[in-house]
Amino acid sequence: MVDGFARFKDRSVVAMRVNGEVTDLATSITDDDVVEPVTIESPAGLSILRHSAAHVIAQAVQRVNPEAKLGIGPPITDGFYYDFDVVTPFTPEDLAAITKEAGRIVQAGQRFIRRVVTEEQARAELVSEPYKLELIGLKGAAATGDDNENVEVGGGELTIYDNVNPATGEVVWKDLCRGPHLPNTRMIGHGWALTRSAAAYWRGSEKNPQLQRIYGTAWPSKDQLREYQLQQEEAAKRDHRRLGAELDLFSFPEEIGSGLPVFHPRGGVIKREMEDYVRRRHIEEGFEYVSTPHVSKATLFETSGHLPYYADTMFPPMRLENSEYYLKAMNCPMQNLIFSSRGRSYRELPLRFFEFGTVYRYEKSGVVQGLTRVRGLTQDDSHSYVTEEQAPGEVEHLLNFVLSLLRDFGLEDFYLELSTRGSSDKFIGTDREWDDATTVLRRVAEASGLELVPDPGGAAFYGPKISVQARDAIGRTWQMSTIQYDFNQPARFGLEYTAADGSRQQPVMIHSAKFGSLERFFGVLIEHYAGAFPLWLSPVQVVGIPVAQEYEPYLHDIIDRLRRSGVRAELDTSDDRMQKKIRTHTKQKVPLLLIAGENDRAAGTVSFRYRDGSQENGVALANAARRIQAAIAGRLQVVSRGDLPA
RNA sequence: GCCGGCUUGGCGCAAUUGGUAGCGCACCGCUCUUGUAAAGCGGGGGUUGCGGGUUCGAGUCCCGCAGUCGGCUCCA
């Protein structure tokens, strides 16, 4: 009998897979076992590292505050957390003290020792840990806990991990835990840090008490930690809320209300370019542009079925003239009324309506965030009315359209999510309808060749959906477009068309939002481009900078010519010096600076300065204008010399 | 909605144990300004988010509200 320490001499091996199961290196193995190493750099190894770091933090917390009761402490993406029941929430000073204490524990090189216990033993040892006792109780009951809880009590048996002082053999701390763990705490090294603290509901339910959660990050090396921290800083620099203020794009006036943005002229330019382009593409794809009001009588949303489910996320109703009116939280009921405004023939199908519909949703005060979670938003919302036979083709058409549109805005990397019916009773319709609709969506999603992630229970109440998730320039994913298959609303609204045989048939309705919300997509684009938009979206595309005042008239001519051809071009006639003007407009991320002095005037040329500081001197005027216009029309990103085709 | 942090001129920040608000950028004015990221001088601008309280005295302490940030819950 040997163990993993004997089998693997490589110190980057922190655990092993025995017959497929990840275990501690201390586990005994036989020649019959299939044993593979788990290195600290592997996904499983990183999880073990992070989970072990969580244990160290918990131990440190209880050293600093022996009254703290333990919740759970699982690994998460890039790090870990641990929940504690403490009388007063953690302060920054507390976190500093905990960090210091945890550093000592890491340095001490405590060993993690696994020990199988009976339920009685576990209850006796953890008598002062009420949350752990609750988890032990749950283990007896049906396994309903989520994955994070399984970190504590998953698997076939109850185990406790002892942290042992390697010098004395004394058990200094212990925790109910499934494991596995690093061989010792020293392997956590210098690649960890606490990142923040926040409250979290016990077992994720707002009916339960709130615990105080400490988040941390942990990496195999100090360099990887630093790299992670730099990446976080980069993300912070791209934050659309910050860039929105710096670039004068939008604001959230307190006087209007939380989550209700106003777009300034520069943000307005971008929003209008987005809308114009998206409207044009929809029309090219066979959609008809429609428009619907912002409020309606309550009965409309009773008909659609929304009200019973979503009344608490709609703004409260206004009562007037014996009717209740709601601000709309969705557009589909109104578009249905356009469909049913007259008799429809099968010859008209697929019938596709599209609008920029502004909807209002009463998001809870704690969730409103920048442009990504607002209370008033504009959906690029479309509804296709089709026969059942046409539905697969229409879904495919919509998916291809959505993807091509996102690509036009510079997003290239996608995966799909298929949200299906869950077990709750909020989902209306028969099993067969759900199965049929889900099958249609799944087939199209699979045929796309994109990665497909299941999302059980994530569907809207009226039908399943495909959502498109896009990765941005720094690898974060955002939910963008949705395509929803709806067999319920056509029935509720009594929609029908006359078929070829003269019979009345019910159409299938397919909801689709390409950007989800224009506001959110705007926010995503800001972060994706870090505020340096492609030429066609840039609020100011060209700024003319004279080397000295004398050259203003010369530059004015070309700027004026560009302007007349539709280019957003300005001439900087302020009394700043040239260098200052370059700085000002570079910080505003203007893609093209046109500079001219005596040399250029004498030669009838201008000089380009690009966003990255590179230059291109002596460009003939006619050439400059032609190239700029072509780059705008081609929706090119222009950052450096060479990005603007000759 | 819940927990915690934060809120000082347009923006970013400062103000010793509570002693009566400053700085940089931006803005305005004047002078200057010929080649690729900040010319010089001067000026205006804040009842310190709002309401209440403690105090001789509150930007600093207490309470409530709003906004915002980080999470949790939620997200048609």
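Just so you know, these numbers use all the heavy atoms, side chains as well, and skip hydrogens, waters and symmetry mates. Sequence lines set the chain letters: A, B, ... in the order given, protein chains first and strands last, and positions in each chain run from 1. A quick note: this is a predicted structure, and the numbers were derived from the prediction, not measured.
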Show the numbers, then the answer: is there a side-chain hydrogen bond (donor to acceptor under 3.5 Å, both in side chains) between A/Glu616 and A/Ser614? CA-CA 7 Å; A/Glu616 189 177 348; A/Ser614 58; over 6 Å; no
In whole Å, what separates the C1' atom of B/U48 from that of B/C61? 16 Å
Round to a whole Å and report the spacing from OH of A/Tyr485 to C1' of B/A76. 19 Å
Roughly, in whole Å, what's the span from CZ in A/Arg375 to P in B/A66? 10 Å
Which comes earlier along RNA chain B counting from the 5' end, the contact point of A/Glu246 or that of A/Thr482, where each point is its nearest nucleotide? A/Glu246
Is any side-chain heavy atom of A/Asn336 closer than 4.5 Å to a side-chain heavy atom of A/His383? no
Report the distance from atom CE of A/Met509 to atom C1' of B/A76, rounded to the nearest whole Å. 12 Å
Toward the 5' end of RNA chain B, which comes first, A/Glu363 or A/Gln212, by nearest nucleotide? A/Gln212
Please tell me if A/Lys580 has a side-chain N or O lying less than 4.0 Å from either OP1 or OP2 of B/A26. yes
Separation of atom CZ in A/Phe84 from atom P in B/G4, rounded to whole Å: 18 Å
For B/G70, does the base pair up with any side-chain atom of A/Ser197 as donor and acceptor (N or O, under 3.5 Å, distance only)? no
Can you tell which of B/G70, B/A76, B/G35 lies closest to the side chain of A/Asp600? B/G35
Taking atom types as they are modelled, is there a donor-acceptor pair under 3.5 Å from the base of B/U34 to the side chain of A/Glu598? no
Could you tell me how far B/G44 sits from B/U60 if I compare only their C1' atoms? Round to whole Å. 28 Å
Identify whether a stacking contact exists between A/Tyr310 and B/A76, where the ring centres must be under 5.5 Å apart and the planes under 30° apart. yes
So, does A/Gln369 get its side chain near the phosphate of B/G70, meaning an N or O under 4.0 Å from OP1 or OP2? yes
What distance, rounded to whole Å, do you find between the two P atoms, one in B/A14 and one in B/U73? 33 Å
Taking the ring centre of each residue, are A/Phe522 and A/Phe263 less than 6.0 Å apart? yes
Short question: side chain of A/Lys328, backbone of A/Tyr360 - any donor-acceptor pair under 3.5 Å? no
Pairwise P distance, B/G12 and B/G57 [rounded to whole Å]: 34 Å
Heavy-atom donor-acceptor pair, A/Arg577 side-chain to B/C32 base, under 3.5 Å: yes
A/Tyr360 OH - B/A76 C1' separation (whole Å): 17 Å
If you take the centroid of each ring, where Trp contributes its six-membered ring, are A/Tyr385 and A/Phe353 closer together than 6.0 Å? yes
NA contact type, A/Ser607, heavy-atom cut-off 4.0 Å: base, sugar-phosphate, or nothing? base
Proximal nucleotide (of B/C74, B/C3, B/G70) relative to the A/Val367 side chain: B/C74
Please confirm whether the shortest side-chain N or O distance from A/Tyr215 to OP1 or OP2 of B/C72 is below 4.0 Å. yes
Nearest of B/U36, B/C74, B/U31 to any side-chain atom of A/Met578? B/U36
How close or far is atom P of B/A76 from atom NZ of A/Lys465, stated in whole angstroms? 5 Å
Between B/U16 and B/G59, how far apart are the two P atoms, rounded to whole Å? 13 Å
Can you tell me, in whole Å, how much space there is between the P of B/G52 and that of B/A58? 14 Å
B/C27 and B/C3: how far apart are their C1' atoms, nearest whole angstrom? 41 Å
A/Gln484 side-chain proximity, nearest of B/C74, B/A76, B/G4: B/A76
For A/Ser258, answer base if it contacts any base atom (sugar-phosphate contacts may also be present), sugar-phosphate if it contacts only those atoms, and nothing otherwise; contact means non-hydrogen atoms under 4.0 Å. sugar-phosphate
Between A/Gly523 and A/His240, the two heavy atoms sitting closest are O-CB, 3.7 Å
When you measure from the side-chain N and O atoms of A/Arg609 to the phosphate of B/A37, is any distance below 4.0 Å, counting only OP1 and OP2? yes
Classify the side chain of A/Arg373 and the base of B/C74 as holding, or not holding, a donor-acceptor pair under 3.5 Å. yes
Do you know which of A/Tyr462, A/Trp434, A/Phe461 makes ring pair (Phe, Tyr, Trp, His ring centres under 6.0 Å) with A/Phe427? A/Trp434
Look at the side chain of A/Tyr201 and the base of B/G71, then say whether one donor and one acceptor between them are separated by less than 3.5 Å. no
Can you confirm if the aromatic rings of A/Tyr310 and A/Phe301 lie within a centre distance of less than 6.0 Å? no
So does A/Glu206 reach the base of B/C72 with its side chain, donor to acceptor, closer than 3.5 Å? no
If you check the A/Ala200 side chain, which of B/G35, B/G1, B/C72 turns out closest? B/C72
Just checking A/Tyr551: base, sugar-phosphate only, or nothing, at a heavy-atom cut-off of under 4.0 Å? base
How close or far is atom P of B/A39 from atom CZ of A/Arg583, stated in whole angstroms? 9 Å
Between A/Thr584 and B/A37, is there a side-chain N or O to OP1/OP2 distance below 4.0 Å? no
Measure the distance from CD on A/Gln210 to P on B/C74 and round it to the nearest whole Å. 13 Å
Taking the ring centre of each residue, are A/Phe80 and A/Tyr82 less than 6.0 Å apart? no
Given A/Arg242, A/Lys237, A/Arg241, the one that forms salt bridge (charged side-chain N to carboxylate O under 4.0 Å, His left out) with A/Asp239: A/Arg241
B/A76, B/C32, B/G67: which one has an atom nearest the side-chain heavy atoms of A/Glu254? B/G67
Between B/U17 and B/C2, how many Å separate the two C1' atoms, rounded to a whole number? 36 Å
In dot-bracket notation, what is the pairing pattern of RNA chain B, taking Watson-Crick (N1-N3 plus N6-O4 or O6-N4) and G-U wobble (N1-O2 and O6-N3) contacts under 3.5 Å, with [ ] crossing and | for other strands? (((((((..((((.....[..)))).(((((.......))))).....(((((..]....))))))))))))....
Would you please confirm or rule out a distance under 4.0 Å between OP1 or OP2 of B/G70 and any side-chain N or O of A/Arg241? yes
Any cation-pi pair here, A/Arg213 with A/Tyr81, using under 6.0 Å and within 45°? yes
